[in-house]
Amino acid sequence: MLAVYKKELKSYFTSVIACLFIAVTTLIAGIFFVYYNLNNGLTNMYAVYECLFILVFTVPILTMRIIADERRQKTDQLILTAPVTVGKIVLGKFFALVTIFAIPVFIMCLYPLILSAFGDMTFGIAYTNILGLFLYGISFIAIGMFISSVTESQVISAILSIVVLLLGYLMGSLTSMISSEGNILTKILGAFDLYSPMQNFLNGMIKISDIIYYLSVVLLFLFLTCQSIQKRRWDVSKKTIGTGVFSGGMIAIIVAITVFVNLIAGIVSEKSSWASIDVTSQKLFSISEKTENMLAKLDTDITLYVMSSESAMDDTVKKTLDRYKMASDHIKVEYKDTTRYPNFYQEFTDTAPSGGSIIVYNEKTKKSKVVDYSEIYVTDSSSYYYTGQSTASSYDCEGQLDTAIAYVRTENSQKIYQVEGHDEAVLDSTNFGTSSNLTDIIEKYNCEVESIKLVNKEEITVDECAAVLLLGPEKDYTKEEAQVIIDYLNAGGSAIVALENTTSMGVDKPNFYSILKEYNVEVLDGIIAENDASYYSPQYGPFYAFAEGITGYASGLTSYVFTPYTAGIKEGSNTSDDIVYTALAGTSSDAVLKTDAMNSETYEKEKGDKQGPFDTVACVTITTTKKGEEDEDSDETEVSSITSNLLVFGSVYSLSDTMDEYVQGSNTQVVNNALSEYIDTDVDTISVPAKSMETTQLNVTESGSRWFGILISIVVPVIVLIGGIGVWVRRRKY
């Protein structure tokens with residue numbers, strides 16, 4: 001086999017075909033790499049995407065002569081009579097072609113390394129794309145070799161290979177045109193769909209079934225190539241069993257084994273989460289551990305009706321639905337093509353949901369909820385202003401499904417009150433943006449956010465309200481309003497408090513702060529300037545402070561806690577064992593509390609300023625023991641405990657969408673973690689934030705773009721081509 005490998009490799013490089021293939025493939029990949037990645041600073045491997053189609057035409061040029069040319073020149077007689085098995089001959093030729101194909105693939109492996117010099121590069125997705133391209137390419141080579149073995153004409157071999165590979169590339173679209181629901185014919189044709197498995201690699205998912213599919217295609221067509229050569233190697237009498245019968249029987253067996261192996265691989269990949277690896281940075285195709293735990297506890301059947309045919313459904317959503325089915329036997333997924341079942345939705349809702357929407361239905365409670373397709377992808381409306389079209393900025397299928405499943409299971413819903421009437425900064429979208437991220441997290445707990453004014457409330461009970469939001473008042477509360485909140489908390493309520501200390505700097509708010517003092521939280525008036533360069537935004541300055549989550553609700557975050565224009569907070573003097581104060585995030589010791597920030601001349605400590613460190617996010621838990629009535633029979637007194645909770649942010653702007661998205665949703669994730677304990681429901685209720693779909697933008701310098709562009713798209717292909725021509729000319733001379 002090694003001798004055949006060396007012979008074929010040498011013959012390809014002395015005939016220019018190998019160098020031409022490498023040069024053309026590298027040139028095309030380089031052009032797209034330069035245009036998309038270097039010029040536009042994108043991290044997606046568009047070079048791989050474009051090469052998928054180009055290989056339909058370049059691989060047949062590479063494989064057309066591998067066996068057909070030997071048959072034309074009659075040199076195949078040497079192979080047919082050689083003292084070596086046909087399998088080794090075919091493998092030697094195949095590995096020679098794979099080696100040639102691997103050279104441009106190896107050059108593409110350098111692309112992510114080049115891009116990493118200009119910013120954060122998602123290596124997992126990039127190299128998964130390249131792995132898929134390699135498997136896709138070697139399956140093309142195996143098919144091209146087989147076609148080359150059945151004809152003596154290189155031209156016919158190339159044309160037939162192009163036709164067959166093009167059909168394999170387009171088969172997914174062709175089968176969906178035949179039937180959107182799928183039938184026996186589409187399943188048979190789908191076995192030759194060479195492109196669809198590649199989509200998983202492009203999206204950032206490695207599935208065992210996809211790897212097995214491409215490897216099985218390679219092995220099957222290499223076997224068929226061996227059979228094609230074998231039929232010409234032996235001349236068996238018709239009185240004995242003929243090679244045609246032998247070959248036909250073996251082909252049928254091998255094809256059956258190939259189909260069986262792929263069926264098993266498909267079932268395993270569908271049923272087992274370990275059979276697929278999600279390499280995306282945001283784990284778009286996985287579900288969180290919280291969701292898996294919630295699904296594992298399901299005790300009722302939940303059906304997810306998808307308003308689309310399975311073939312037309314969004315591939316990312318399909319993968320998420322598959323994960324839900326894997327996680328629980330109580331989850332069923334049914335696809336309802338709206339063209340065939342236009343009125344199916346009427347059993348569950350009066351308004352027709354958009355295509356691709358999901359109706360979540362509980363068989364036991366008969367409750368249902370629609371997850372509209374427009375809610376699955378969160379749209380970046382600002383992109384419309386710049387590009388003329390809105391783009392999806394995040395993916396929220398898991399969060400929406402979890403909310404809907406909890407809703408159809410629960411017997412009751414709760415409210416969260418958001419206090420207004422004090423010029424709350426969080427309601428002012430002209431400052432740092434809206435707080436829709438915060439609202440979205442709350443609604444995923446199936447809680448209704450209701451705005452109230454304390455002037456109209458004599459009391460708030462824990463039965464009517466799961467928590468209150470006191471977000472950025474610029475004016476003080478009255479004593480009566482503050483007492484309503486204190487009484488509610490003393491009765492076992494929970495509150496999320498965020499301070500506004502910029503616009504209202506210098507405004508005295510003793511009544512509002514009395515709520516915090518009741519819970520041993522002291523507010524330090526002023527604005528914190530973080531002077532440790534590692535913990536503030538260089539784009540905005542020291543007033544935009546970052547902090548690492550310390551513990552509790554702020555542990556395990558994907559990024560920093562971001563507290564712009566934050567006040568300082570600290571534990572008060574009450575040392576009661578019933579009060580547990582926990583700092584969740586804080587500043588460095590270099591931080592300074594600027595007591596007169598607007599008139600400061602420096603971020604460093606000046607007269608009247610205070611030296612850090614300070615807390616910027618904290619939580620407080622108070623446990624109160626209450627004695628009930630005495631039991632007459634046992635002479636014992638019933639004892640119960642009431643737990644009150646307080647979560648405090650030093651800056652209300654931490655909860656604005658703009659600041660929250662700056663740190664990948666870490667700020668509102670702290671709130672999410674707190675609410676998971678504050679909200680008590682009759683079923684497991686979780687809130688999973690939307691997953692960002694925005695790709696990292698690289699800051700590629702003009703000189704870097706120019707020099708790397710010239711090297712990748714011009715110098716390398718030209719050197720390879722000139723080298724190949726030089727070898728060919730030299731060979732022609734001698």
Side-chain angles (χ1 to χ4, degrees), residues 417-439 449 451-455 467-478 481-482 485 495-519 521-530 537 540-547 561-570 584-587 591 593-600 610 614-620 646-660 662-663 667-668 670-671:
Y417 287 157
Q418 181 169 338
V419 176
E420 296 182 2
H422 312 92
D423 292 344
E424 277 72 15
V426 76
L427 302 176
D428 182 6
S429 61
T430 62
N431 267 324
F432 285 80
T434 60
S435 58
S436 59
N437 290 355
L438 176 64
T439 303
V449 180
S451 297
I452 64 166
K453 293 185 177 180
L454 292 174
V455 69
V468 294
L469 305 178
L470 315 178
L471 305 180
E474 296 179 10
K475 293 181 179 179
D476 195 20
Y477 287 20
T478 64
E481 290 174 330
I485 299 298
I496 297 172
V497 181
L499 308 178
E500 203 293 319
N501 208 29
T502 305
T503 305
S504 60
M505 178 176 286
V507 175
D508 197 20
K509 290 179 273 192
N511 296 322
F512 176 69
Y513 290 153
S514 69
I515 300 172
L516 301 179
K517 286 183 179 179
E518 184 81 11
Y519 284 81
V521 178
E522 183 178 342
V523 179
L524 306 174
D525 283 329
I527 297 177
I528 290 176
E530 175 59 82
S537 169
Y540 299 112
F543 284 149
Y544 286 71
F546 291 100
V561 178
F562 193 15
T563 51
Y565 290 103
T566 181
I569 54 178
K570 71 173 186 177
L584 302 181
T587 69
L593 184 72
K594 309 296 291 185
T595 55
D596 189 9
M598 299 308 170
N599 296 315
S600 295
K610 297 179 181 180
F614 309 98
D615 298 335
T616 54
V617 184
C619 67
V620 180
L646 197 69
L647 175 64
V648 184
F649 283 82
S651 171
V652 69
Y653 304 114
S654 297
L655 302 179
S656 72
D657 295 342
T658 305
M659 299 296 102
D660 187 40
Y662 197 92
V663 287
N667 294 337
T668 51
V670 175
V671 178

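Remember, it's a predicted structure, so these values are computed and weren't measured experimentally. The residues of the chain are indexed from 1 along the displayed sequence.
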Polar side-chain atom of [X] near backbone of [Y] as donor-acceptor pair, under 3.5 Å:
{"X": "Asp660", "Y": "Leu655", "answer": "no"}
{"X": "Ser656", "Y": "Val652", "answer": "no"}
{"X": "Thr595", "Y": "Gly526", "answer": "no"}
{"X": "Lys509", "Y": "Pro473", "answer": "yes"}
{"X": "Asp615", "Y": "Leu584", "answer": "no"}
{"X": "Thr668", "Y": "Leu438", "answer": "no"}
{"X": "Asp657", "Y": "Asn437", "answer": "yes"}
{"X": "Glu500", "Y": "Thr502", "answer": "yes"}
{"X": "Ser651", "Y": "Pro564", "answer": "yes"}

With rounding to the nearest 0.5 Å, note down the distance linking [atom1] in [X] to [atom2] in [Y].
{"X": "Tyr662", "Y": "Tyr540", "atom1": "OH", "atom2": "OH", "result": "5.5 Å"}
{"X": "Asp596", "Y": "Met505", "atom1": "CG", "atom2": "CE", "result": "7.5 Å"}
{"X": "Thr503", "Y": "Tyr653", "atom1": "OG1", "atom2": "OH", "result": "4.0 Å"}
{"X": "Leu470", "Y": "Leu454", "atom1": "CG", "atom2": "CG", "result": "7.5 Å"}
{"X": "Phe649", "Y": "Cys619", "atom1": "CZ", "atom2": "SG", "result": "10.5 Å"}
{"X": "Phe614", "Y": "Glu530", "atom1": "CZ", "atom2": "CD", "result": "10.0 Å"}

Q: Look at the rings of Phe546 and Phe562 and say which category their plane angle falls in: under 30° parallel, 30 to 60° tilted, over 60° perpendicular.
A: parallel
Q) So Tyr477 and His422, would you call those rings parallel, tilted or perpendicular, with 30° and 60° as cut-offs? A) parallel
Minimum heavy-atom distance between [X] and [Y], given as atom pair plus value:
{"X": "Lys610", "Y": "Leu524", "value": "NZ-CD2, 4.3 Å"}
{"X": "Val617", "Y": "Leu647", "value": "CG1-CD1, 4.3 Å"}
{"X": "Gly568", "Y": "Ile528", "value": "CA-CD1, 3.7 Å"}
{"X": "Ala529", "Y": "Lys594", "value": "CB-CG, 4.0 Å"}

Quick check: do [X] and [Y] have side-chain heavy atoms less than 4.5 Å from each other?
{"X": "Leu471", "Y": "Gln418", "value": "yes"}
{"X": "Leu499", "Y": "Ile569", "value": "yes"}
{"X": "Tyr513", "Y": "Asp525", "value": "yes"}

Q) Considering residues at least two apart in sequence or located in another chain, which fulfil the salt bridge (Lys or Arg N to Asp or Glu O under 4.0 Å) criterion with Lys475? A) Asp423
Q) Which residue, Val671, Val663, Val670, forms the side-chain contact (heavy atoms from CB on, under 4.5 Å) with Asn667? A) Val663
(Q) Out of the candidates Val620, Leu516, Thr616, only one should pair with Val648 under the side-chain contact (heavy atoms from CB on, under 4.5 Å) rule; please name it. (A) Leu516
